[in-house]
Structures are given as C-alpha cells and as structure tokens.
Colleague: 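The structure is given below, and queries will be raised subsequently.
Every number for a ligand or one of its atoms is a count from 1 in the order of the listing. Owing to the predicted nature of the structure, the values given are computational and were not obtained by experimental measurement.
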Amino acid sequence: MPARTEAASPAGEVAERAAADTPPCHVAIIMDGNGRWAAAHGLPRVAGHRAGAQAVRRTVETAIRHGVSWITLYAFSSENWRRPAGEVLDLTGLLRHYLRNEVRELKGEGVRLRFIGDRDRFEPDIVADLAHAEADTAGNSRLNLTLALSYGGRAEIAAAARTAARAALQGRLDPETIDEASFSGLLSTAAMPDPDLIIRTSGEQRLSNFLLWQSAYAELLFLDVLWPDFGPAHFAEAMAEYARRERRFGARPA
Ligand code: FPP
C-alpha cells in the first residue's frame, strides 16, 4: 500500500481536534520502514535512516501538541547489531549526531530524555553523551522521551530475573514477596507508566521484542505508512483511533 505524505490533511486536523480530550498518557512507537522508504526513492538505506531521524523530530513536536506525556521510540533493537557493519555504523553515527545536535533544543522545549537498553554496547563517547543528555534534561517534565537503544524485551525481563535471584540468594529478598508490581520495579522502565498505545509503522504486525512485559494491556495500532513519511496527520489519526478504543484491562463491561 502506498505510504502517505507527512503533510497535515484536513482529515488529520479534524481527527486532532476529536482526540484532543483523551490523549493516551504513554505512546510507544516501533519506527519501521526506513529501508523500504529509501529503496522506493532510489536512495541508499542510510538516507532512509536520516529521513527517519527527521520523523523523530516531527513526532516529538506533535506529541507535545497533543498533550501526550510519555513517548518511547524503538530506535535500535538488540537484534540490530546483526545488520551489516556499515549500516550499524550509519545508525550509531546518526545517534551520535542526534545526541550532539538536538539535546539542547529538546531541553529548551521541556523534554526529559531517558534511554533503555544495553547502552554499554555503544562506543564510550556515545555512552557518555547518553548519561549527559539524561542528566541535562532531568529537570524537565513537559514530555518524557525515552529512546530504546540496543533494547530487547526478553533480555530486559531476564536481567530483572537475575537481579531478583541475586537478591534472594543474598537474603535481601523473600521470593514469596515477588509480585507483578515489585517485578515491574526491576525493569529498565521502572520509573515509567506502561504504554497505553503502541504504534508500528510500515504495515508489519508484530512487537519484535519491544516492551513485552509493559505492553500487556496496550492498544496496538499498525499503520500502512513508512516511518520517514510519518507526520502530524498520522499521529492525529492514531490519537483518534485510540479515543475510539474501549479499554477494559480484562474486566467485563458494566
Ligand atoms: C527500522 O527500519 C528502523 C530502524 C532499524 C532504526 C530506527 C532509526 C531511526 C528512526 C533513525 C535514527 C533515530 C534516532 C533517534 C537518531 P528498517 O531499516 O528495518 O526498514 P525496512 O524494514 O524497510 O528495511
């Protein structure tokens, strides 16, 4: 199916108004389709990732306008390390560029940055930039932007299990007291609310190891748009679709 352009359509504006009253607190996005976008434009894959980074910027601004408080973006999965070395270099280079050039502006807009995932797999200068970006924006609360980097949901759950097992072995934790709330507190997302809405672009319909624990009751939305084309109209459409969903969290309607 053809990807839509990023321009806000009149329909998008109507949807933006309709959804304004009930924004989800936390929107998480699987940004997929950069490679296909590049191929469709006869460009190298890196051009798709660059256009994807611009879509990140647009999406942060749009989320703020919609009153969304938390946004989490799947920017680099733990499986992405298996891509060809040149593409990994392009992606880490883009991340470095993003951290060096955009954090000041994000800070000015009231955005607080967080990162989840195995950050130690990145080069030391990036690891330092990540820590600096978190510290530098820690006083902000207008929008909480989390980038999932070298992130995998199963690895995150296994790491939490190791933490709990270690504490139990050392006598600091009674295994009988482990429940869903306390286990959530051991995940990298401990300080974050669960996502209300997970969007995946590009037409693929799977979670690909993203926020597996946290997505238990998330609404899922799969959009037929390649990530670099994702714009304000698509975000508005997602907000309107979310507002139409009836969330029951497993309970029966009254
Ligand atoms: C999926 O497209 C996207 C990624 C693997 C990386 C996402 C990265 C960005 C949006 C740009 C960098 C972001 C920041 C924050 C600096 P794909 O390559 O799998 O596309 P395909 O499925 O069409 O091949």
Side-chain angles (χ1 to χ4, degrees), residues 1-4 6 27-64 70-107 109 111-119 121-123 125-127 129-130 132-134 137 143-153 198-211 222-231 234-235:
M1 209 176 280
R4 297 232 221 113
E6 72 196 50
V27 177
I29 306 182
I30 302 172
M31 309 183 288
D32 195 12
N34 294 352
R36 275 163 283 170
W37 183 92
H41 289 78
L43 296 167
R45 287 181 69 83
V46 65
H49 295 315
R50 277 196 207 110
Q54 284 169 17
V56 167
R57 197 171 306 135
R58 281 199 300 277
T59 301
V60 168
E61 289 163 9
T62 310
I64 290 175
W70 294 79
I71 184 151
T72 299
L73 304 175
Y74 205 4
F76 196 96
S77 75
S78 44
E79 289 74 31
N80 285 158
W81 292 110
R82 291 196 220 121
R83 292 196 175 194
E87 185 171 355
V88 170
L89 209 60
D90 288 337
L91 282 167
T92 53
L94 263 176
L95 174 62
R96 184 180 280 113
H97 187 266
Y98 185 85
L99 292 168
R100 301 222 169 132
N101 293 280
E102 307 224 358
V103 171
R104 189 184 305 168
E105 199 178 320
L106 289 170
K107 185 180 175 187
E109 287 173 8
V111 175
R112 177 172 184 173
L113 270 158
R114 289 182 176 82
F115 306 98
I116 54 173
D118 186 4
R119 67 177 73 189
R121 287 192 72 177
F122 291 97
E123 289 173 60
D125 67 305
I126 292 185
V127 175
D129 286 348
L130 294 173
H132 183 255
E134 281 179 331
T137 61
L143 176 77
N144 293 278
L145 169 62
T146 303
L147 297 185
L149 298 169
S150 190
Y151 174 86
I198 297 182
I199 301 170
R200 181 174 189 145
T201 59
S202 92
E204 308 286 347
Q205 301 194 0
R206 52 180 174 271
L207 285 178
S208 297
N209 208 10
F210 186 45
L211 299 178
F222 302 103
L223 295 178
D224 262 323
V225 57
L226 301 173
W227 174 250
D229 286 326
F230 185 87
H234 302 102
F235 198 95

Colleague: So which bit of R45 gets within less than 4.0 Å of ligand 1, heavy atoms only: side chain, backbone, both or neither?
Modeller: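 Near ligand 1, R45 shows its side chain, while the N, CA, C and O stay back.
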
Colleague: Just which atoms of ligand 1 are under 4.0 Å from any heavy atom in G35?
Modeller: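 Checking each atom against G35, I get 17 (P), 18 (O), 20 (O), 21 (P), 23 (O), 24 (O).
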
Colleague: What protein heavy atom is closest to atom 1 (C) of ligand 1, reported as residue, atom name and distance in Å?
Modeller: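 Of the protein heavy atoms, M31 O, 3.2 Å lies nearest.
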
Colleague: Would F122 and W81 satisfy ring-ring contact (aromatic ring centres under 6.0 Å, His included), going step by step from the backbone distance to the final call?
Modeller: CA-CA 10 Å; F122 291 97; W81 292 110; 5.1 Å; yes

Colleague: What orientation do Y151 and F210 show, parallel under 30°, tilted 30 to 60°, or perpendicular over 60°?
Modeller: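 Aromatic pair Y151/F210 classed perpendicular.
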
Colleague: Heavy-atom distances under 4.0 Å are what count here, so tell me which part of W227 touches ligand 1: side chain, backbone, both or neither.
Modeller: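 Only the side chain of W227 comes within reach of ligand 1.
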
Colleague: With heavy-atom distances below 4.0 Å as the criterion, list the atoms of ligand 1 near Y98.
Modeller: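 Per the distance check, 16 (C).
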
Colleague: To the nearest 0.1 Å, how far is atom 19 (O) of ligand 1 from its closest protein heavy atom, and which atom is that?
Modeller: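 Ranking protein heavy atoms by distance from atom 19 (O) of ligand 1, first comes R83 NH2, 2.8 Å.
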
Colleague: Distance under 4.0 Å to a non-hydrogen atom of N80: what atoms of ligand 1 satisfy this?
Modeller: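 Listed by number with element, the hits are 5 (C).
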
Colleague: We want to know whether S150 and D118 form a side-chain donor-acceptor pair, criterion being a heavy-atom distance below 3.5 angstrom.
Modeller: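 S150 vs D118: no donor-acceptor pair found between side chains.
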
Colleague: Among protein heavy atoms, which lies nearest atom 9 (C) of ligand 1, and at what distance?
Modeller: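 Ranking protein heavy atoms by distance from atom 9 (C) of ligand 1, first comes N34 ND2, 3.6 Å.
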
Colleague: Between R45 and N34, is any side-chain donor less than 3.5 angstrom from a side-chain acceptor?
Modeller: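 The answer is no; no qualifying pair exists.
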
Colleague: How far is atom 15 (C) of ligand 1 from the closest protein heavy atom, and which atom is that?
Modeller: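 Protein heavy atom at minimum distance: L147 CD1, 4.0 Å.
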
Colleague: Looking at D32, which atoms of ligand 1 are within less than 4.0 Å of one of its heavy atoms?
Modeller: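 Answer for ligand 1: 1 (C), 2 (O), 17 (P), 19 (O), 20 (O), 22 (O).
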
Colleague: Relative to the heavy atoms of A75, which atoms of ligand 1 are at a distance of less than 4.0 Å?
Modeller: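 Near A75, the atoms of ligand 1 are 6 (C), 7 (C), 8 (C).
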
Colleague: Give the numbers and elements of all ligand 1 atoms closer than 4.0 Å to a heavy atom of H49.
Modeller: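 Those qualifying, in numeric order: 11 (C), 18 (O).
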
Colleague: Under the side chain to side chain contact (heavy atoms under 4.5 Å, CB included) rule, what do L147 and Y98 come out as? Steps first, then yes or no, please.
Modeller: CA-CA 11 Å; L147 297 185; Y98 185 85; 4.1 Å; yes

Colleague: Of the non-hydrogen atoms in R83 and V88, which two are nearest, and what is the gap between them?
Modeller: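 Where R83 meets V88 most closely, the heavy atoms are O-CG2, 3.6 Å.
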
Colleague: I need the atoms of ligand 1 closer than 4.0 Å to a non-hydrogen atom of R36, numbered in the order shown.
Modeller: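 Taking each heavy atom of R36 in turn, ligand 1 has 21 (P), 22 (O), 23 (O) under 4.0 Å.
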
Colleague: Where the side chain of T137 meets the backbone of L113, is there a donor-acceptor pair that is under 3.5 Å apart?
Modeller: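 Between the backbone of L113 and the side chain of T137 there is a qualifying donor-acceptor contact (under 3.5 Å).
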
Colleague: If we count only N and O atoms by modelled type, under 3.5 Å, do the side chains of H97 and E102 hold a donor and an acceptor together?
Modeller: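 Note: H97 and E102 side chains miss the donor-acceptor criterion.
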
Colleague: Please test S78 against R121 for side chain to side chain donor-acceptor pair (under 3.5 Å), starting from the C-alpha separation and ending with a verdict.
Modeller: CA-CA 10 Å; S78 44; R121 287 192 72 177; over 6 Å; no

Colleague: So which protein heavy atom does atom 13 (C) of ligand 1 come closest to, and at what separation?
Modeller: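 Sorting protein heavy atoms by distance from atom 13 (C) of ligand 1 puts V56 CG2, 4.3 Å first.
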
